[in-house]
Amino acid sequence: MNSNPEELSIEDFSYELPDERIAKFPLAQRDESKILIYKEGEIQESVFSKIDDLLSSGDLLVANQTRVVQARLVFATSSAARLELFCLEPGVEGLDIQQAMFSRKSVLWKCLVGNARKWKEDEVLELRSDENYGFILQARLVEKLGAESIISLEWSPEDLSFAEVLEIAGRVPLPPYLKREAEESDQERYQTVYAINKGSVAAPTAGLHFTDDVLERLKSKGISEAFLTLHVGAGTFKPVKSERMKDHDMHSEEIIADLDLLEMIASSEGNLIAVGTTSLRSLESIYWTAVKLMRKESDELKIEVNQWYPYQVPAHELPDRKQAFNFLVHLMKEKGLRTITGSTRLIIAPGYIIKTADILITNFHQPKSTLLLLVSACIGEDWKRVYNYALVHDFRFLSYGDSSILFIKK
């Protein structure tokens, strides 16, 4: 690519978002949210339940089936101070999230620690629940790593998996900008209806609007659906504090995709629709994995993309979507693999040309966020018109807010 976003200023991707425009709660019905339609420079609006009217037979919808874990653990210290652990990812290098979720008896986990100054050295924190078979969870501080810490968590009964531990003891990790405690209803509403693979600490919120009825209508129209997994990390809420993007350290997130998905993409003749920024980031990262292998820059069939790699490859040397995914399909079959995994730190910003998706379904994102940079990469400077329209026409913003469908500029 010829353009490099390293010199971009995040100040150019800001807008005024009044607090009252942030949706603090979801609508009573998922698919009753509004949807803004951006296509060929024109802006219209509709209701999400009618999204099948906007798509065509032969299109392929790709969504993220990660499931949000109850990642907030609240303890009381010996002095009765409230201390919260926000569980981020395994504390053992090389251990993927889904493997770690099946751990029994104990885990090491990387956490953000709220009110850490109240945690005395060598103090063991404890959570109990007599309602759950005499459940006990203990936390010990192992190591501080700047803003994060490695925590040892041990529990009984020992035959519980860590995923079950979080279900018993944890709380829904609502985004901090909602400024409220999670309620019982959030356990259902902060998940997509197709969520399966446990591991995210934030929902892939573009998918929250889908219902079984919407999915059935899409299927009846001849629109196929396929799923991948990107476990959303807390880094999705990480503000860009650097003056220039070259100084921003993009967060890493884990991706899992199977051979069936890759085959569907390789053979699809219609539009490829990414449900959410996580799905788009995953698809692009899989594409770049193919590029690295085709260019013989790697011989490992593993997703591993750093944030600036795509901007360093000459555009004329790049394969198209079908070539890239067919290459991966052939290689996976040759090696007898059903799944490709890994992680990505890819940053999609203006100057980046989308290689996989033709359409993006996404919510409205925070000012000065990498997600807003991604939207700008998809539709250029028109992101300002789109967001201004949404503000003027009473769209609800952020995780529990309304939706948009953006036809990507090529």
Side-chain angles (χ1 to χ4, degrees), residues 1-3 5 8 12-15 31 33-63 205-207 209-210 214 217-218 221-226 265 268-284 287 310 315 318 320-322 324-325 348-365 367 369-397 401-410:
M1 290 187 175
N2 298 322
S3 183
L8 287 174
D12 294 331
F13 298 88
S14 185
Y15 66 94
D31 59 10
S33 55
K34 296 166 69 172
I35 184 167
L36 182 150
I37 306 152
Y38 172 87
K39 187 175 184 180
E40 297 177 352
E42 298 296 321
I43 298 174
Q44 297 176 306
E45 61 179 272
S46 183
V47 181
F48 196 89
S49 59
K50 298 181 179 179
I51 192 170
D52 54 306
D53 293 338
L54 307 174
L55 304 175
S56 303
S57 177
D59 288 350
L60 174 61
L61 190 86
V62 178
T205 55
H209 309 281
F210 284 87
V214 167
R217 283 200 298 276
L218 291 170
K221 191 170 180 177
I223 297 162
S224 302
E225 63 182 43
I265 293 172
S268 176
E269 298 296 335
N271 285 320
L272 181 58
I273 304 138
V275 179
T277 59
T278 61
S279 296
L280 180 59
R281 194 159 171 250
S282 298
L283 291 168
E284 295 294 302
Y287 170 88
L318 295 175
D320 62 24
R321 180 175 76 201
K322 279 184 174 293
F325 279 80
I348 299 177
Y352 184 100
I353 307 299
I354 306 298
K355 307 302 292 186
T356 58
D358 304 291
I359 298 170
L360 172 66
I361 296 171
T362 189
N363 285 14
F364 296 93
H365 305 292
S369 64
T370 56
L371 303 181
L372 194 53
L373 289 174
L374 183 151
V375 169
S376 180
C378 291
I379 62 172
E381 284 293 301
D382 276 353
W383 78 265
K384 295 176 183 177
R385 291 177 51 226
V386 165
Y387 274 63
N388 184 62
Y389 182 100
L391 287 165
V392 170
H393 291 83
D394 297 322
F395 277 69
R396 302 160 73 248
F397 278 60
D402 291 318
S403 182
S404 69
I405 181 166
L406 311 176
F407 289 74
I408 296 170
K409 289 184 174 180
K410 298 292 186 175

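Atoms considered below: every heavy atom in the structure, side chains included; atoms not considered: hydrogens, waters and symmetry mates.
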Requested in this report: State the SG-OH distance between C378 and Y38, to the nearest 0.5 angstrom.
Outcome: 10.5 Å
Report task. Please round to the nearest 0.5 Å and tell me the distance separating atom CG of L61 and atom CD1 of I223. Result -> 8.0 Å
Query raised in the report: In Å, rounded to the nearest 0.5 Å, how long is the span from CG of L55 to CD1 of I273?
Result: 4.5 Å
**Report entry** Separation between CD of E284 and CG of L374, rounded to the nearest 0.5 Å
**Finding:** 8.5 Å
Query - Which atom of S376 lies closest to which atom of F13, heavy atoms considered - result: OG-CE2, 3.5 Å
Query raised in the report: Is the side chain of R217 donor-acceptor paired with the backbone N or O of S49 at a distance under 3.5 Å, no angle test?
Result: yes
Query - Stepwise side chain to side chain contact (heavy atoms under 4.5 Å, CB included) check, N363 with H209 - result: CA-CA 10 Å; N363 285 14; H209 309 281; 2.8 Å; yes
Query - Option passing side chain to side chain contact (heavy atoms under 4.5 Å, CB included) with T356 (candidates I265, I408, L280) - result: L280
Query raised in the report: T277 and L360: which non-hydrogen atoms are nearest, and at how many Å?
Result: N-CD1, 4.1 Å
Requested in this report: Output, in order, the C-alpha distance, side-chain angles, deciding distance and verdict of side chain to side chain contact (heavy atoms under 4.5 Å, CB included) for I353 and L318.
Outcome: CA-CA 11 Å; I353 307 299; L318 295 175; over 6 Å; no
Query raised in the report: Please walk me through it: do F48 and I361 pass side chain to side chain contact (heavy atoms under 4.5 Å, CB included)?
Result: CA-CA 10 Å; F48 196 89; I361 296 171; 4.2 Å; yes
Report task. Taking all non-hydrogen atoms of both residues into account, name the closest pair between K34 and D402 and its distance. Result -> N-OD1, 3.0 Å
Requested in this report: State the CG-OG distance between L36 and S403, to the nearest 0.5 angstrom.
Outcome: 9.0 Å
Query raised in the report: Is a side-chain N or O of D320 found less than 3.5 angstrom from the main chain of K322, in a donor-acceptor match?
Result: yes
Query raised in the report: Where do Y352 and P310 come nearest, in terms of heavy atoms and distance?
Result: CE1-CB, 3.8 Å
**Report entry** Any side-chain heavy-atom pair of S46 and I37 under 4.5 Å
**Finding:** yes
Report summary line: To the nearest 0.5 Å, atom OG1 of T278 lies from atom CG of L371 at 9.5 Å
Requested in this report: Give a yes or no on this: more than 12 heavy atoms of other residues, nucleotides or ligands lie within 6.0 Å of atom NZ of K50.
Outcome: no
Report task. Check for a donor-acceptor pair, side chain of T362 on one end and backbone N or O of A206 on the other, with a separation under 3.5 Å. Result -> no
Report task. Please assess L406 against V375 for the test side chain to side chain contact (heavy atoms under 4.5 Å, CB included), listing each intermediate value before the final yes or no. Result -> CA-CA 9 Å; L406 311 176; V375 169; 3.9 Å; yes
**Report entry** Residues D52 and K221 bridged, charged N to O under 4.0 Å
**Finding:** no
Requested in this report: Might you point out which heavy atoms bring A274 and A357 nearest each other, and give the distance in Å?
Outcome: CB-CB, 4.0 Å
Query raised in the report: Name the one of L283, I354, D358 that satisfies side chain to side chain contact (heavy atoms under 4.5 Å, CB included) with R321?
Result: D358
Report task. If the plane angle is over 60° it's perpendicular, under 30° parallel, otherwise tilted; pick one for Y15 and F397. Result -> tilted
Report task. Mind listing the closest non-hydrogen atom pair of A349 and P5 along with its distance? Result -> CB-CB, 3.8 Å
**Report entry** Proximity of Y287 and F325 rings by center, below 6.0 Å
**Finding:** no
Report task. Give me the ring orientation class for W383 and Y387: parallel if the planes are under 30° apart, tilted from 30 to 60°, perpendicular past 60°. Result -> perpendicular
